[in-house]
Protein chains: 2
Amino acid sequence: MTPTIKDVARQAKTSKSTVSRFLNGIPVNKKTEEAIIKAIEELNYHPNMNARRLVMDKTQEIGIIVDDISNRFYSPILKGIGEVLDANGYSAVYYTWNKSKRRETDFLRLLYEEQVDGLIYVSFARRDQADVEQMREAPFPVVLFGDNAGVDDIHTVDVDNFSGIVELVHYLYRIGHRHIAYIAGPDDIGATKYRSAGYVSAMESLGLAMNPDWICTSDWSNQGGYTAMKKLLQSRGFTAVIASNDESALGAMTCLQEQGYSIPRDFSVVGFDDIDIAQWIFPALTTVRQPFEQMGQTAAQFLLDCIDKKPMDSNRRRLLKPELIIRNSSSNPN
Amino acid sequence: MTPTIKDVARQAKTSKSTVSRFLNGIPVNKKTEEAIIKAIEELNYHPNMNARRLVMDKTQEIGIIVDDISNRFYSPILKGIGEVLDANGYSAVYYTWNKSKRRETDFLRLLYEEQVDGLIYVSFARRDQADVEQMREAPFPVVLFGDNAGVDDIHTVDVDNFSGIVELVHYLYRIGHRHIAYIAGPDDIGATKYRSAGYVSAMESLGLAMNPDWICTSDWSNQGGYTAMKKLLQSRGFTAVIASNDESALGAMTCLQEQGYSIPRDFSVVGFDDIDIAQWIFPALTTVRQPFEQMGQTAAQFLLDCIDKKPMDSNRRRLLKPELIIRNSSSNPN
DNA sequence: TTGTAGGCGTTATCAA
DNA sequence: TTGATAACGCCTACAA
């Protein structure tokens, strides 16, 4: 049988309460303290968390719900979350799920079942309004990344997708491009509409023509970018391609290179995200960097403030600014 | 106050015990069953897991300890683990940690504290023998990936690193290469010694000369591969490079391409792992694919068998075979 | 500073 | 089938 607080008490010749107090940092007699430490050591005692949580109604754990746990650009987000939680005495527990069988809202159960003190949803997929409303009704704090489905009174963190693409268009314009193609993202991602809107808005404000043949959609995979580029190449006249994420930008570059084109001599290609590999492909990819780590920190701080019922800014949706990273996949057109 | 089983009982005009039985799938009177369902619905009742776990001494959860949660090639491992756990009524909970502040063995606490029923360690870093022995002494089952630090009576799953590299050497030999350079991995990874041993063994058995200037070390990053390749280029005469992982292979390719070399015309480059991006770089990378998903399944099955105390094969270290994937970064030398 | 006693929300035993 | 009742291991008044 695994030892309990009672066994420790007996061994240390004191009572359960005293041991419990010691375990919770409440000062006890120096002499008994030593005896308790010795007993814990000898018995290899570990507190039973389930019992503790049952009586405390608190876990000191935050559930992080991740739709794709190995998504490389979630890494700095998770790092940012972890830092803030750590500094505040909370630990992070990660959950992920099989998209076909479960839904994000299934994890609200963790809150009701008192397995965690709060939840952070890390996903950039588009959400249903009903789901987000359900999250808002949860008995403990919930913070989201990405799409809030128009529900403004739930805490959300996202990057400013619109202005990120606007920056790219302006940059390409600045170095001389006037004919810019665009590879849009999939409809099931919340950011897609904002990025596309950024393209349209910037092109219009610069007075650049938008040829419908120069706009294509990809599913944001390498393959998707490859296929989109192939289609784009059926029409001519553009000198630059904005892929709405780095992965499809990579696919697009591969397609171009396979056809014998040189980047950026024949075409400039730019992406969005700044994934790790972006600087390691050849040529290195010009892109827009998302402030992932900062986003993670923001989300965690949001959540902790909710838990502590701190007075908060009334604006519950925070959009962080992305940063233009210029590398070698873009240059003046000839 | 959140409702308890007692509230449900009162509302449904029955006893706690009956509600508990219903919740656990034990048949109850049709009439009371309906009343219970109705009460649960009305009260929005959710069982308190901490109370349940306290009395059951069981969580139906498996802790997955991942050293780098966003490591892309862990994805299929986690998928494989998830599938098997799911099919057996267990769920996976992921934990990760800050390498500088914590150690793998810190998570054994989850077992002692009864937060999970078993642990799977996903990491390919080299381990201390003392740590692995501590894992072996844990009160609940533990399964490892990668290095077992020579402790043979703990369940371990790994890829056959040795034979993977041997296959690469033989393949290059087959297509005509006789002068093969090697970019070794970092010492803190368990696989490094097996892969290096595979290179040495295969070269010797084929009677190929090993020029010490043709062997370099990288930290398995893109940058590491890049730097190693630069160094390799200071000596001449080799026609092919084996990088001991894909990431460094990518870095090596970038270096070669920057210097104006064409792959595979001037040099063949091959890697190890078959990460997603391997087929999307240009030219697509010849590599050795690890059976990650199968490894995940194997580990999970190992663990469940331990939990169920099933009679098991006495061999506790299982090495799965990698598969040679031939793409375009390798060809006959001229 | 310490110990006694009660309760947290479940499940499990046992008699009805 | 059902309903008391006693655990499970811990924390926390309260009284000493």
Side-chain angles (χ1 to χ4, degrees), chain A residues 1-37 39-40 43-61 89 109-117 139-140, chain B residues 1-37 39-40 43-61 89 109-117 139-140:
Chain A
M1 209 39 210
T2 92
T4 75
I5 202 175
K6 201 171 152 189
D7 301 311
V8 175
R10 186 177 334 108
Q11 183 115 344
K13 301 202 194 317
T14 178
S15 71
K16 293 194 304 178
S17 350
T18 305
V19 177
S20 172
R21 285 191 207 100
F22 166 76
L23 290 172
N24 290 293
I26 298 170
V28 300
N29 190 303
K30 193 73 186 168
K31 206 72 178 224
T32 52
E33 173 170 330
E34 284 163 12
I36 292 174
I37 292 177
I40 288 178
L43 295 169
N44 190 24
Y45 166 81
H46 291 262
N48 182 318
M49 278 308 179
N50 302 311
R52 173 175 286 173
R53 290 173 177 181
L54 173 57
V55 51
M56 303 259 284
D57 266 331
K58 191 82 161 66
T59 66
Q60 293 292 332
E61 286 193 335
R109 140 187 101 70
L110 296 170
L111 258 20
Y112 289 102
E113 293 172 357
E114 317 231 1
Q115 299 199 51
V116 296
D117 295 339
F140 294 95
Chain B
M1 210 38 213
T2 92
T4 75
I5 203 174
K6 203 171 150 189
D7 301 312
V8 175
R10 186 177 335 108
Q11 183 115 345
K13 300 200 195 316
T14 177
S15 70
K16 290 195 306 177
S17 331
T18 304
V19 176
S20 173
R21 285 191 207 98
F22 166 74
L23 290 172
N24 290 293
I26 299 170
V28 300
N29 190 304
K30 193 73 188 166
K31 205 74 177 220
T32 52
E33 174 171 330
E34 284 163 12
I36 292 174
I37 293 176
I40 288 178
L43 296 169
N44 190 25
Y45 165 81
H46 291 263
N48 182 318
M49 278 309 181
N50 302 311
R52 172 176 290 174
R53 289 172 178 182
L54 173 57
V55 55
M56 303 254 287
D57 266 329
K58 191 84 162 64
T59 65
Q60 292 293 330
E61 285 192 337
R109 138 188 104 68
L110 296 170
L111 257 22
Y112 289 102
E113 293 172 357
E114 318 231 356
Q115 298 199 52
V116 295
D117 296 339
F140 295 95

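Heavy-atom basis, side chains included; hydrogens, waters and symmetry copies ignored.
Place B:T18 and A:I5 on DNA chain D by their nearest nucleotides, and B:T18 ends up nearer the 5' end.
How far OH of A:Y45 is from CG of A:L23: 5.0 Å, rounded to the nearest 0.5 Å. For the atom pair OG1 (B:T32) and CD1 (B:I37), the distance works out to 9.5 Å, reported to the nearest 0.5 Å.
Across all non-hydrogen atoms, the minimal contact from B:G89 to B:Q60 is O-OE1, 3.1 Å. The two residues B:D7 and B:T4 make their nearest non-hydrogen contact at OD2-N, 2.8 Å.
Proximity of A:T18 to A:R21: side-chain heavy atoms (C-beta onward) are separated by under 4.5 Å at one or more points.
Between the side chain of B:D117 and the main chain of B:T59, a donor-acceptor pair closer than 3.5 Å is present. Panel note: side chain A:N48, backbone B:E114; no donor-acceptor pair is recorded below 3.5 Å.
An OP1 or OP2 oxygen of C:dT11 is reached within less than 4.0 angstrom by a side-chain nitrogen or oxygen of B:N24. Under 4.0 angstrom from either OP1 or OP2 of D:dC11 there lies at least one side-chain N or O belonging to A:S20. A close approach under 4.0 Å does occur between a side-chain nitrogen or oxygen of A:Y45 and OP1 or OP2 of D:dC10. Between B:T14 and D:dG3, a side-chain N or O to OP1/OP2 separation shorter than 4.0 Å is present. Distances shown here put a side-chain N or O of A:S15 below 4.0 Å from the OP1 or OP2 atom of C:dG3.
The interatomic distance linking A:N48 (CG) with C:dC8 (P) rounds to 18 Å, in whole Å. Taking atom CZ of B:R52 as the reference point, atom C1' of D:dG9 lies 18 Å away to the nearest angstrom. With rounding to whole Å, A:N50 atom CG is found 15 Å from C:dG9 atom P. Atom CG of B:D57 and atom P of C:dA12 are 11 Å apart (whole Å). Atom NZ of A:K58 is separated from atom C1' of D:dT12 by 18 Å (rounded to the nearest Å). Between the C1' atom of C:dT10 and the NE2 atom of B:H46 lies a distance of 16 Å, rounded to the nearest Å. One atom, CD of A:E114, and another, P of C:dC8, lie 13 Å apart when rounded to the nearest Å. Following rounding to the nearest Å, B:K6 (NZ) and D:dT5 (C1') show an atom-to-atom distance of 13 Å.
Listed by residue number, there are no residues of residues 26-37 of chain A with a heavy-atom contact under 4.0 Å to DNA chain D.
A donor-acceptor contact under 3.5 Å is formed by the side chain of A:R21 with the base of C:dG3. Contact of A:K16 with C:dT4 (side chain to base): no donor-acceptor pair of N or O atoms is detected under 3.5 Å.
Contacts of A:S17 with the nucleic acid, taken as non-hydrogen atoms under 4.0 Å apart, include base atoms.
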